[in-house]
Amino acid sequence: MTLNTSTAPLPAVAAVPGPAALDARSVSAWFGERKVLDRVSLTMPAHTVTALIGPSGCGKSTFLRTLNRMHELIPGATLAGEVLLGESDIYAPARKLTEVRRHIGMVFQKPNPFPAMSIYDNVTAGLKLTGTRVRRGERDDLVEECLLRAGLWKEVRDRLRQPGGALSGGQQQRLCIARALAVRPTVLLMDEPCSALDPTSTRRVEETIADLIDMTVVIVTHNMQQARRVSDQCAFFLAEEGAPGVIVESGSTAEVFESPADERTADYVNGRFG
Ligand SMILES: Nc1ncnc2c1ncn2[C@@H]1O[C@H](COP(=O)(O)OP(=O)(O)OP(=O)(O)O)[C@@H](O)[C@H]1O
């Protein structure tokens, strides 16, 4: 288990053994003059699910956005530190943004399919954007594979030409997962993917996450039961009053929930604040 104070340099620690898929090293982030993350280090090993937990405003989503270079798209937003995908820094000057995005996909809080576009075209929409080439004859197979992996195939296989906007919220979110999977990323970032969904849809998305065993998933969630159910390791973020967010503690999900080293983690996971 890793325990950090808000002032000490934060080492990168792999809580779950295995090759590092994504390794954030001393990441700090600012919006204008305001620092919202302070030297956050976290190793997200390949083929595991990492849950980012913590109270509102502590920087979880900001951290997630630094992991696929979305933070830099916000006007006035800056950052320091490194994010290694395998061996290389995604912020290296020679690294192309489209290439980073192809390897590191993202699913957002609110399902955001292209509503007028067909279900089929929604799945393939990312291919062009990321320059991923798939032969025309292989597209059908890819669409089926991604919808299967996203747990949506059975529900939509007879209406692939209908608009994505005609699906339920839970189906739309699984369509967005299928769209993210179509470019074959190695990492999938998920920012509260179930917060707009009912319990049944939430369960379906959680089942989908559990099936993504060949991928590295990083998920922000406010739902402690969900963090327990879906993740292998957890990182607890906190921003003390007026201070930027830090990782107080990270470790295997069992450790963080059952024997946290820091009292603040214990209070948070047991619902005593946040
Ligand atoms: N676009 C932005 N411009 C300025 N400040 C921002 C922006 N986005 C977030 N912030 C600030 O950065 C801090 C961290 O926000 P962030 O959304 O990362 O926290 P969070 O832990 O994900 O919160 P929540 O759980 O409520 O989504 C907050 O103080 C927030 O107000």
Side-chain angles (χ1 to χ4, degrees), residues 2 4-7 10 22 24-42 44 49-81 83 90-91 97 104-112 169 173 176 187-197 202 205-206 209 217-231 233-250 253 256-257 260 262 264-274:
T2 335
N4 292 307
T5 67
S6 52
T7 48
L10 308 171
L22 207 53
R25 296 189 176 170
S26 207
V27 170
S28 297
W30 291 260
F31 289 106
E33 295 288 303
R34 186 159 166 250
K35 191 176 196 183
V36 298
L37 279 179
D38 185 31
R39 291 169 296 157
V40 171
S41 294
L42 184 68
M44 292 144 275
V49 178
T50 299
L52 311 181
I53 58 172
S56 190
C58 63
K60 305 177 297 295
S61 297
T62 302
F63 179 65
L64 197 75
R65 286 194 299 265
T66 67
L67 300 180
N68 77 340
R69 295 186 49 177
M70 283 192 67
H71 180 67
E72 69 194 47
L73 300 181
I74 299 167
T78 49
L79 99 158
V83 177
I90 65 169
Y91 288 97
L97 191 56
I104 309 174
M106 184 132 177
V107 173
F108 298 88
Q109 189 169 359
K110 212 166 151 249
N112 61 347
Q173 192 61 304
C176 293
V187 178
L188 189 60
L189 309 177
M190 307 181 98
D191 194 355
E192 296 187 54
C194 302
S195 65
L197 307 183
T202 296
V205 171
E206 289 182 6
I209 295 169
V217 176
V218 187
I219 178 171
V220 171
T221 180
H222 279 279
N223 179 332
M224 290 304 98
Q225 295 313 316
Q226 177 167 80
R228 266 190 118 134
R229 284 192 295 265
V230 303
S231 71
Q233 69 165 3
C234 279
F236 171 56
F237 283 67
L238 192 63
E240 305 281 5
E241 182 124 14
V246 295
I247 292 183
V248 169
E249 185 170 344
S250 66
T253 300
V256 167
F257 278 88
D262 192 289
R264 294 166 296 177
T265 315
D267 286 347
Y268 183 75
V269 298
N270 290 305
R272 287 193 281 273
F273 79 98

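Throughout, numbering of the chain's residues begins at 1 and tracks the sequence. We count ligands from 1, going down the list as the structure has it; atoms in each ligand are counted the same way. Remember, predicted model here, so these are calculated numbers, not experimental data.
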Could you find the nearest protein heavy atom to [atom] and give me its residue, atom name and distance?
| atom | answer |
| --- | --- |
| atom 17 (O) of ligand 1 | S61 CB, 3.9 Å |
| atom 19 (O) of ligand 1 | G59 N, 3.2 Å |
| atom 28 (C) of ligand 1 | G57 O, 3.7 Å |
| atom 26 (O) of ligand 1 | S56 OG, 2.5 Å |
| atom 3 (N) of ligand 1 | F31 CD2, 3.5 Å |

So, [X] side chain and [Y] main chain: donor-acceptor pair closer than 3.5 Å or not?
| X | Y | result |
| --- | --- | --- |
| N270 | R272 | no |
| R69 | L97 | no |
| S250 | C234 | no |
| K60 | F237 | no |

(request) Among L189, T50, L64, I53, find the residue that satisfies the side-chain contact (heavy atoms from CB on, under 4.5 Å) test when tested with V220. (result)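 With V220 as partner, side-chain contact (heavy atoms from CB on, under 4.5 Å) holds for just one option, L64.
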(message) Applying the side-chain contact (heavy atoms from CB on, under 4.5 Å) criterion to V205, which one of V230, I219, L197 satisfies it?
(response)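 Of the listed residues V230, I219, L197, the side-chain contact (heavy atoms from CB on, under 4.5 Å) partner of V205 is L197.
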(request) Identify which of R65, E192, K60, H71 has a heavy atom lying nearest to atom 27 (O) of ligand 1. (result)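 Looking at heavy atoms only, the winner is E192.
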(message) For atom 29 (O) of ligand 1, tell me which residue out of R34, K35, Q109 has the closest non-hydrogen atom.
(response)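 Considering heavy atoms of R34, K35, Q109, the nearest to atom 29 (O) of ligand 1 sits in R34.
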For ligand 1, which atoms have a heavy atom of [X] less than 4.0 angstrom away?
| X | answer |
| --- | --- |
| T62 | 14 (C), 15 (O), 16 (P), 18 (O) |
| P55 | 21 (O) |
| V36 | 12 (O), 13 (C) |
| H222 | 24 (P), 25 (O) |
| I74 | 1 (N) |

(message) Show the nearest heavy-atom pair for residues Q173 and F108, with the distance to one decimal.
(response)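 Answer, listing the atom of Q173 first, then F108: NE2-O, 2.8 Å.
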(request) Please report the shortest heavy-atom distance between P244 and L37, naming the atom on each side. (result)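 Residues P244 and L37, closest heavy atoms: CB-N, 3.7 Å.
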(message) To the nearest 0.5 Å, what is the distance between CD1 on I247 and CZ on F236?
(response)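 Interatomic distance, I247 CD1 to F236 CZ, rounded to 0.5 Å: 11.0 Å.
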(request) Report the part of A239 (side chain from C-beta onward, or backbone N, CA, C, O) that has a heavy atom under 4.0 Å from ligand 1; answer both or neither where that applies. (result)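 Answer for A239: neither.
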